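To start, the structure under review is shown below, and the notes come after it.
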Amino acid sequence: MQQELVEQQERFRAFINNSHEILCRIDGQDRLHCLNPPAAKRILGRFLEEGEPLPWEWIHPEDRQAVVNAFQRLRASPGETLSFVYRAQHADGHWVWLESRCTNLLQDPLVQGIVCSSRDITQQKQVELALRESEARFREMAEAVPVNFFVCSADLSQVLYESPRCQSIWGYTPEEFYQKPDLWKARLHPEDLPRVFRSLPRVIRGEQPITYRIFHRDGSLRWLRTSCQPIFNEQQEIIRFVGVTEDITEQKEVELALQASEARLRAILDSIPFSIFLKDLEGRYLHANRFYLQQRGSELGELIGKLDDELFTPEEAREFREQDQRALQSPDPVSYERIFSRNGKQLSQWVTKFALRDCQGDPYAVCGVVVDITPLKQAQDLLMQEAERERLLGALLRRIRQALDLPVILQTTTAEVREFLQVDRVMIYQLQEGAGGFVAAESVVDPWPSHLGRYVWDEYFPRDPCHRKYQQGFVQAIENVATASLDPCYRQLLESFQAQANLVIPIRRGEDLWGLLVAQHCQSSRPWQEWEIELLQKLTDQLAIALQQAQLYEQVKALNQTLEEKVRQRTAELERALQFEALLRSITNRVRDSLDEAEILSAAVRELGESLDADGCDISLYNADFTLATIRYEYCPRSKSYLNLSVPLQRGPYGDVHRQLLRGQSCLFCFSGKALEDRQVVMACPLLDKGQVLGDLWIFRSARRPFDDQEIRLIQQVANQCAIGLRQARLFQAAQEQVQALERLNQLKDDFISTVSHELRTPLTSLRMALKMLQIAPSEEKRAQYLAIAERECQREIELVSDLLDLQRLQAGAYALNIQALTWRELLGDLLTVTQERARAKGQTFQASVPLERSLTTDPLLLGRILRELLHNAVKYTPPQGSIRLQIETENCRSRIQVSNSQEIPAEELTRIFERFYRIPSNDPWKEGGTGLGLALVKQMVDQLRGSIEVSSAAGWTTFTLHLPHLPQL
């Protein structure tokens, strides 16, 4: 058994020493105990010494800290097992990849350490790194090329790989394809979908690529081409498909554009009405356009590849070959005229040939363009004839245009036309309003009678269809009257003129038919040439212009006469304007020289009325609130007087007129009467001064003599001057009133100084007397009485000086508000009680309605002084058995305070009650003495609190009303 145990130990030792892993134990002092040093020698090339410290320096610097951290975490976790991979240095210096698996058994009494097994994974790691490098190179290649690589499963149900390029091609990321393998099907163009599915088996077998259209994610249409290749395993089974997809949109668009360009070129060539052909260097036809084929009566297939010898006569073929050689040898196009006969007709062609050359400049084909110029040659001959006729027509027109008199123009036209056409008679028949016309001009040769001035009545002519056709330019040409199919009446008319041939050309002026130019041949019939008719049509067009010029000439003469009349009228207007200017200057000078409102305005209405010969003229002035207009000044030589009549502005009989005047606008209207002589035209102008209407100016005249523009401007200017004069007069009046007010204020100041000096001296006098009496008082009781008098008079003096100083400080804006939030109870304090006691002492009743618990934000010192002053005055000036009321309401961050007492103040005193130094006169029952500063201080303090105060007195009561906002706290 011992021998067997030894053998087992040796076998175990041999097994451990030949293990592919390094087995070791790390004790609690971080000493290393290797269990199989031979394995360490094989893996690391060195033996691990028994009990040596952990060799941290063998670990790669990049991995060392991670291993140390993992080992510390393992030491702190008994029983836990950790695995980590790192690089260790071999004895020869190269690095070995190790994977260590360690278990913390420090608490196990049999082990008392950390057990580690480390195996060499260098080869595996190298393979893994090589695979990563290969994948990285593949990804770099896949991302660098402008195509999309993809790998699919054998059943196409799973996308195994998509290169990033798929996002630019499809608009979707590889992850979206991994999640939805059939996403590509949804993006296929509906027209390409059946073809793609039919071709899919051959495509995935690698037999053919496929081109198709898709809708990109951004909505654009893309052209793609996909090629696939199957991947087989060892059993030749398809395990996956790999493929590449490229975006060929630009290439396809170029291809389609080229096809479209070729189609357009063919369409252009086929639509050109010239013969165009293309031949190679041997003279074989390569292409011909549709017009060429139509001219030859053959198909393109019958022409392609053939020579000229096979299509034309030998002479023509030789000519064509010679011209082709000229074009191939010449750097410029070769053009020549070709004249030939065909079917008994002589035809002309203009042929242009040029060589088509490659990039090196060598010719590879010849192109020919053949234009049939036969009609052009014929037109050229016609143009030469036309030029001759135009020359004759021009000479005729120059002679016609030399005259501007209508009879001369008409007579010259008939004579020249008869001479030009060599006919017997030429007439101009002028239509008149009604149903007829007359022969206005005639040129006739003997022995044919003249019909000049003959009137032809035809009541049905305006309704005749022939009349409408003449209006549209219809020409009637009868070569033989005897054989022509004519209306009997018309035939009879022509026979009365002895006409055998008749030509009628309408003379139109715009859309109207002015008359007819009639050429007659009396001795025989006569064929009318087309060019003769065209020539006469042009002549009538020019004749219409000449007629219009003659008419304009007549109009110019009439206009000259009219102009002379207007000059006379203008002269009269200028004389009248001078009169109006003198009137306006007179009124302006009076406005400048006078400050009397009555003198200015009365003179203005009189002079304006006299100058315009008006039936009446008046000026009304508006009251302050623009509710009444009162006639203050008037001039009425032929109308009833309405002086001092007041008219409501808004609801009066002329409300619409006054509303327009209040907007600063003048108004021209008419008073309607039963008879024309009773009607009047009225011009009303506002007296407008700096945007404010002060009144209005009205002027009346008979409707048979309405106001013209010049008179209207004069009235408006006079109204402006009246407004200026009225303003100056009122400013002067206001200045006078201010002077009087300053005089009254100066008197008040003198009274105030007298009063203040008296009030200031009175306490001082009483104080000095009390002090003297205090010195000689025989008893303590008297001394106490005199001392109380001295203290009261001293306090009175202090209060008087304080009032003066407070008033001055408030007016100078030197007072700083102290805004506080408090209740009315805190603000009033004992003021209500004190007022109640004072009123009871004088036999008065006091009532207060105050929301004591409501809060407000204000300056308690100022508001308290205001309330004390108002309540003190109410008690002071209310007679015995009178009443005093205090009412306070607070709502929406505002307070309304009313202090009322049963004593009325005269109305004339209310407007001055808040003036400084002002006191009600001595005959007033309120006369109680004082300086007159109390209410002036109240007004200043209310303004300081950004409020307002009003006073009203009626029905035996006087009420002070305060409106105070709640001020924000700073």
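In this text the structure is predicted, and so the values were computed from the model without any measurement.
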State, yes or no, whether a side-chain contact exists between [X] and [Y] at a heavy-atom distance under 4.5 Å.
| X | Y | result |
| --- | --- | --- |
| W528 | L536 | no |
| L376 | W350 | no |
| Q476 | K469 | no |
| F277 | V370 | yes |
| D656 | F669 | no |
| Q498 | H451 | yes |
| Y285 | L311 | yes |

Ignoring hydrogens and angles, tell me if any N or O in the side chain of [X] forms a donor-acceptor pair with the backbone of [Y] under 3.5 Å.
| X | Y | answer |
| --- | --- | --- |
| R638 | A614 | yes |
| S702 | R705 | no |
| D308 | F320 | no |
| D309 | A317 | no |
| D358 | Y364 | no |
| Q660 | S666 | yes |
| Q251 | I248 | no |

Let me see the working for V657 and V682 under side chain to side chain contact (heavy atoms under 4.5 Å, CB included), right down to the final yes or no. CA-CA 11 Å; V657 176; V682 183; over 6 Å; no
Please determine if D324 and K353 form a salt bridge, counting it only when a charged side-chain N lies under 4.0 Å from a carboxylate O.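 Salt bridge flag = yes for K353 with D324.
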Going by side-chain hydrogen bond (donor to acceptor under 3.5 Å, both in side chains), name the residues that satisfy it together with [X], two or more places apart in sequence or in a different chain.
| X | result |
| --- | --- |
| S335 | T352 |
| E442 | R425, S450 |
| S525 | none |
| R195 | none |

What are the two closest heavy atoms between [X] and [Y], and how far apart are they?
| X | Y | result |
| --- | --- | --- |
| M683 | L668 | SD-CD1, 3.9 Å |
| S348 | D372 | O-OD1, 3.0 Å |
| D613 | R701 | O-CD, 3.7 Å |
| T249 | R222 | OG1-CA, 3.4 Å |
| V366 | D280 | CG1-O, 4.5 Å |
| A519 | L421 | CB-CD1, 4.2 Å |

What is the ring orientation for H189 with F215, classed by angle as parallel under 30°, tilted 30 to 60°, or perpendicular over 60°?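 Rings of H189 and F215: parallel, as their planes differ by under 30°.
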What class does the angle between the rings of F420 and W531 fall in, given that below 30° is parallel, 30 to 60° is tilted and above 60° is perpendicular?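 It falls in the perpendicular class, over 60°.
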Does the side chain of R713 pick up a donor-acceptor pair with the side chain of Q710 at under 3.5 Å?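 R713 vs Q710: no donor-acceptor pair found between side chains.
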Does a side chain donor of either Y336 or E319 reach within less than 3.5 Å of an acceptor in the other side chain?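 Note: Y336 and E319 side chains miss the donor-acceptor criterion.
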Go through Y490 and N502 one step at a time and tell me if the side chain to side chain contact (heavy atoms under 4.5 Å, CB included) criterion holds. CA-CA 12 Å; Y490 188 52; N502 192 68; 3.4 Å; yes
Is it true that atom [atom1] of [X] has more than 12 heavy atoms of other residues, nucleotides or ligands lying nearer than 6.0 Å?
| X | atom1 | answer |
| --- | --- | --- |
| E337 | CD | yes |
| E250 | CD | no |
| R338 | CZ | yes |
| E315 | CD | yes |

D446: partners by side-chain contact (heavy atoms from CB on, under 4.5 Å), with sequence neighbours left out: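 Residues passing side-chain contact (heavy atoms from CB on, under 4.5 Å) with D446: none at all.
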Under the criterion side chain to side chain contact (heavy atoms under 4.5 Å, CB included), I'd like the reasoning laid out for L503 against V475: C-alpha separation, chi angles, the key distance, then a yes or no. CA-CA 8 Å; L503 176 62; V475 175; 3.9 Å; yes
First locate atom [atom1] of [X], then atom [atom2] of [Y], and finally report the distance between them rounded to the nearest 0.5 Å.
| X | Y | atom1 | atom2 | value |
| --- | --- | --- | --- | --- |
| I505 | F474 | CD1 | CZ | 9.5 Å |
| R284 | I304 | CZ | CD1 | 12.5 Å |
| R326 | Q323 | CZ | CD | 4.5 Å |

Can you pull the salt bridge (charged side-chain N to carboxylate O under 4.0 Å, His left out) pairs that have at least one residue in residues 471-494, sequence neighbours excluded?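 Residue pairs passing salt bridge (charged side-chain N to carboxylate O under 4.0 Å, His left out), neighbours aside: none found.
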